[in-house]
Amino acid sequence: MAATLRTRISDWIRQGLVAAQEAGDLPAFEVPPVVVERGRREEHGDYASSVCLKLAREARMNPLEIARRVVAHLPEVDFVGRVEAVKPGYINVWLDERWLAVQVESILEAGESFGALDLGRGQRVQVEFVSANPTGPLTVGSARNAVLGDTLASVLAAAGYEVEREYYVNDAGSQVRKFGESVYARYAEALGESAPFPEDGYRGQYVADLGRELAEEAGRRYLEMEYKEAVRAIARWAVDRVLEWIRKDLADLGVHFDTWRHERSFYEEGLFDKVLGMLRERGYVVEYDDAVWFRHPDLEKDAVLIRSPKVIPEPSERPTYLASDVAYLWDKLVERGFDRAIYIWGADHHGDVPRVKAAAKALGVDPDRLVFILYQLVTLWRGGEEVRMSKRSGEFVTLRDLLDEVGPDPIRFMLLARTADAPVDFDLDLAVEQSERNPVYYVQYAHARIASILRHAQERGWSLDEPADLSLLHHPSEMALIRKMLELPEVIEQGARKLTPHFLPFYAQELAATFHAFYRDCRVVSSDPADADLTRARLRLVRAAKSVLARVLHLMGMTAPERM
RNA sequence: GCCCCCGUGGCUCAGUUGGAUAGAGCGUCUGGUUGCGGACCAGAAGGUCGCAGGUUCGAGUCCUGCCGGGGGUACCA
């Protein structure tokens, strides 16, 4: 399966167009891309194209007449059963039902690789996501980030990209230092000493726990060190501890990273100095007010700060946010040579996008190779009321809380089933509710139901691996199910092209619904000996449906339960 | 002020580079299983796609203005 049905039909119609031109039935003109969409109504076929409407002006012909001539020149292909030119000038295409029936076998053969495309042609893409500050547990917002990034990565991999998942660890800069100071203070307290608690420090309970843990582990060692040095060491220790939590939470959510890139390394390895030098050479750096600024004509502001002693006095540490971003983009696109770098950011960072893009330009890197997916905020609801979250009051729902209360599957599904552009209202009551109002179970139920049918069949002595005469499949509900399964590659194509994984949960629901309707109409395991061949064919069909359902669920990072 | 996102049936949301009568779930109403999982299925009611212009054969989709909601506009990340 290298191309979607839609592309094959598009190519096919293009062939008809060209053939019509060569035969002199159509005037010579450049053939535009043949847009093919799914027929919205039964009488519009499985696929439909409106190219002829677009061509009417250039060809100076009635669009319907164009369509007729194109149809007359369409070559024979096995997957098309019927084609017609209608009303204003559409070309409607119906798939061949015998061909459809046979696809069941190819779906089964493909298994977990069904829907794989080579859209990416092996291009290397990095998806960098979550990347939350390692100064505390992950929040619900990070969960949305994680789910989006991880699923997008899966979709891109399915579409033929070579994908790497990366977590960017912000372990340089003022927040980490402040975190270190906070832990230091709690650590000192645990040992009966008093230490100044930093202004705007981290006040969560976990900070106190870390302080106590450190006191038990290290004793008075850090108290005897020079303060700044102790803070630096403690910060490293505490960041490592927090990263362990983060890693665990993400693993429980089903998210795994290939690489963890540490911001600090940009400074330790001299990458930042190198990139800053390049910017300076190219004239994009100005200095005034005792600080270093990045300037670029694309920016609305005169300049953006790169380094200032007022932010970070320590030259060895990260100067500003942008400074690291500039070093990082160079690291991604040049040093490590990714063709594309995808960033998953909260929409509150949208203002930084033009800066990073401008920096890329300044460094001579094509800014289009940087892609930013911005997602809106998540608000939690419980008992019909918004759950207010505030880190200061310590009353915020962590990803850990959510995992303990809801479990990974509903979290993933519900955070996925919305465009990134729209804010998410996460209804805690609904997420845990096991009812028809909860779409998560609707999809998983279809999978479990098929598993149950297969168990039932085996108990009755049916073999599941037996070949079958698939041409016996022709019931409308059988055909609908096959058609729906064959849509998966197109869902993957859309998701990879538009970088919008939210198509998956919608498709999953449709597939489940199509299966349930089939189940109503068609008995799979028949006890009538006369139906033996049909039973065999339907068992193949149902196995294929189970496989595709599992495939979608796995793409979404969810489980496909055998029973529930 | 400026920048970004959103505004589609009662509610939550889809809508494939502009296409044929705008879709789904939930909710409401009505109905369905003497056989494979009723966490299921079928049918019905319900929408001037925020408002006003514009672009064209054709606009929920593109452009402009306005209204309403959210976010951003730090020498924080």
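Chain naming here is simple, since letters A, B, ... match the order of the sequence lines and numbering starts at 1 in each. All values below were derived from every heavy atom in this structure, side-chain atoms included, with hydrogens, water molecules and symmetry-related copies excluded.
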query = Side-chain N or O of Arg520(A) less than 4.0 angstrom from OP1 or OP2 on A42(B)?
reply = yes
query = Taking the same atom, P, in C4(B) and in U64(B), what whole-Å distance lies between them?
reply = 10 Å
query = Using the ring of each side chain (for Trp, its six-membered ring), is Tyr288(A) parallel, tilted or perpendicular to Trp293(A), with breaks at 30° and 60°?
reply = parallel
Proximity to the side chain of Asn170(A) - top-ranked nucleotide from G15(B), A14(B), A77(B) = A77(B)
inquiry  = If I pick the C1' atom on A59(B) and the same atom on G19(B), what distance separates them, to the nearest angstrom?
reply    = 10 Å
query = Closest to the Phe506(A) side chain: G37(B), U17(B), A14(B)?
reply = A14(B)
message = Say we look at A20(B) and G27(B): how far apart would their P atoms be, to the nearest angstrom?
response = 30 Å
inquiry  = Using the P atom as the point on both nucleotides, what is the distance between G7(B) and G60(B), in whole Å?
reply    = 14 Å
inquiry  = Is there aromatic stacking of Tyr90(A) on A20(B) here, judged by a ring-centre distance under 5.5 Å and a plane angle under 30°?
reply    = yes
query = Does any N or O donor sit under 3.5 Å from an N or O acceptor when you compare the side chain of His349(A) with the base of A77(B)?
reply = yes
request  = May I have the distance from Glu510(A) (atom CD) to G25(B) (atom P), rounded to whole angstrom?
outcome  = 10 Å
ask   = For Glu37(A) and U61(B), what is the distance between atoms CD and P respectively, to the nearest whole Å?
value = 16 Å
request  = Classify the side chain of His350(A) and the base of G71(B) as holding, or not holding, a donor-acceptor pair under 3.5 Å.
outcome  = yes
note = For G53(B), the nucleotide meeting Watson-Crick or G-U wobble distances (both under 3.5 Å) is C63(B)
inquiry  = I'd like to know whether CD of Glu199(A) has more than 12 heavy-atom contacts from other residues, nucleotides or ligands below 6.0 angstrom.
reply    = no
message = Just to be sure I understand the rule, does Arg40(A) reach a base, reach only the sugar-phosphate, or reach nothing, if contact means heavy atoms closer than 4.0 Å?
response = base
remark   = By the Watson-Crick or G-U definition, both distances under 3.5 Å, G23(B) is matched with C13(B)
ask   = What distance do Ile66(A) atom CD1 and Leu26(A) atom CG have between them, rounded to the nearest 0.5 Å?
value = 6.5 Å
request  = Provide the distance between the two C1' atoms, one in G47(B) and one in A24(B), to the nearest whole Å.
outcome  = 14 Å
ask   = What is the distance, rounded to the nearest whole Å, between atom CD of Gln376(A) and atom P of G70(B)?
value = 13 Å
inquiry  = So Pro63(A), base contact, sugar-phosphate only, or nothing? Heavy-atom distance under 4.0 Å.
reply    = nothing
ask   = Does any N or O donor sit under 3.5 Å from an N or O acceptor when you compare the side chain of Arg6(A) with the base of U16(B)?
value = yes
inquiry  = Using a strict heavy-atom distance below 4.0 Å, which residues from residues 41-50 of chain A are in contact with RNA chain B?
reply    = Arg41(A), Glu43(A), His44(A), Ala48(A), Ser50(A)
query = Which whole-number value in Å describes the distance from Leu299(A) CG to U73(B) C1'?
reply = 14 Å
inquiry  = Need one value for Thr419(A): base, sugar-phosphate or nothing, where a base atom within 4.0 Å counts as base even if backbone is also close, heavy atoms only.
reply    = sugar-phosphate
query = Got a sec, which residues hit salt bridge (Lys or Arg N to Asp or Glu O under 4.0 Å) with Glu42(A), two or more places apart in sequence or on another chain?
reply = none
request  = Just compare C13(B), G35(B), C41(B) and give me whichever is closest to any side-chain atom of Ala517(A).
outcome  = C41(B)
request  = Determine which nucleotide pairs with G68(B), using a 3.5 Å limit on both distances of a Watson-Crick or G-U wobble pair.
outcome  = C6(B)
message = Please name the nucleotide paired to G37(B) by Watson-Crick or G-U wobble geometry with both distances under 3.5 Å, or report none.
response = none
query = Between Arg14(A) and Pro32(A), which heavy-atom pair has the shortest distance, and what is it?
reply = NH2-O, 3.4 Å
query = To the side chain of Met564(A), which of G37(B), G15(B), C13(B) is closest?
reply = G37(B)
task = Whole angstrom is fine here: how far is it from CG in Asp427(A) over to P in G27(B)?
result = 13 Å
query = With sugar-phosphate meaning primed atoms plus P, OP1 and OP2, does Glu562(A) contact a base, only sugar-phosphate, or nothing at under 4.0 Å between heavy atoms?
reply = base
message = So Lys54(A), base contact, sugar-phosphate only, or nothing? Heavy-atom distance under 4.0 Å.
response = base
query = Does His516(A) have a side-chain nitrogen or oxygen under 4.0 Å from the phosphate oxygens OP1 or OP2 of G32(B)?
reply = no
query = Whole-Å distance between A77(B) P and Phe179(A) CZ?
reply = 16 Å
message = Is it the case that A42(B) (base atoms only) and Asp521(A) (side chain only) share a donor and an acceptor within less than 3.5 Å, ignoring hydrogens and angles?
response = no
inquiry  = Taking the minimum atom-to-atom distance to the side chain of Tyr442(A), which one of C41(B), G37(B), G15(B) wins?
reply    = C41(B)
request  = Give a yes or no on whether a salt bridge exists between Asp533(A) and Arg536(A), defined as a side-chain N under 4.0 angstrom from a carboxylate O.
outcome  = yes
task = Using a heavy-atom cut-off of under 4.0 Å over every strand shown, decide if Ala457(A) touches base, sugar-phosphate, or nothing.
result = nothing
note = RNA chain B nearest-nucleotide lookup for Tyr445(A) and Asp421(A): closer to the 5′ end is Asp421(A)
request  = Would you mind classifying the nucleic acid contact of Cys52(A) as base, sugar-phosphate or nothing, using non-hydrogen atoms under 4.0 angstrom?
outcome  = nothing
ask   = Using atom P of each nucleotide, how far apart are G65(B) and C26(B) to the nearest Å?
value = 41 Å
query = Taking the six-membered ring of Phe515(A), is the NZ or CZ of Arg449(A) close enough (under 6.0 Å from the centre) and on axis enough (within 45°)?
reply = no
ask   = When all nucleic acid strands are considered with a 4.0 Å heavy-atom cut-off, which category describes Asp528(A): base, sugar-phosphate, or nothing?
value = nothing
key: Pairing partner (Watson-Crick or G-U wobble, both distances under 3.5 angstrom) of C29(B)   = G43(B)
inquiry  = Measuring from atom NZ of Lys484(A) to atom OH of Tyr507(A), what distance do you get when rounded to the nearest 0.5 angstrom?
reply    = 7.0 Å
message = Does Pro88(A) reach a base, just sugar-phosphate, or nothing at all? Heavy atoms under 4.0 Å.
response = nothing
Minimum-distance nucleotide to Ile453(A) side chain [options: A77(B), G37(B), U16(B)] = G37(B)
query = Considering only side-chain heavy atoms of Val86(A), which listed nucleotide, G38(B), G15(B), A20(B), is closest?
reply = A20(B)
Residue Arg418(A), side-chain heavy atoms: nucleotide from G37(B), G60(B), U12(B) that is nearest = U12(B)
message = For the C1' atoms, the ones on G9(B) and on C49(B), what distance do you get once it is rounded to whole angstrom?
response = 10 Å
task = Measure from NZ or CZ of Lys332(A) to the centre of the six-membered ring of Tyr343(A) and say whether it is under 6.0 Å with the direction within 45° of the ring axis.
result = yes
task = Choose from A20(B), G38(B), C75(B) the nucleotide whose nearest atom is closest to any side-chain atom of Trp293(A).
result = C75(B)
request  = May I ask you to check whether Asn170(A) and Gln175(A) show a side-chain donor-acceptor distance below 3.5 Å?
outcome  = no
request  = Determine, using ring centers only, whether Phe266(A) and Phe272(A) are less than 6.0 Å apart.
outcome  = no
message = When both hydrogen-bonding distances must be under 3.5 Å and the geometry is Watson-Crick or G-U wobble, what is U73(B) paired with, if anything?
response = G1(B)
Integer angstrom distance from the C1' of A45(B) to that of G10(B) = 12 Å
query = Is it true that the side chains of Tyr47(A) and Arg38(A) contain a donor and an acceptor less than 3.5 Å apart?
reply = yes
key: Among U16(B), G37(B), U17(B), the nucleotide that comes nearest once only the side chain of Val35(A) is considered   = U17(B)
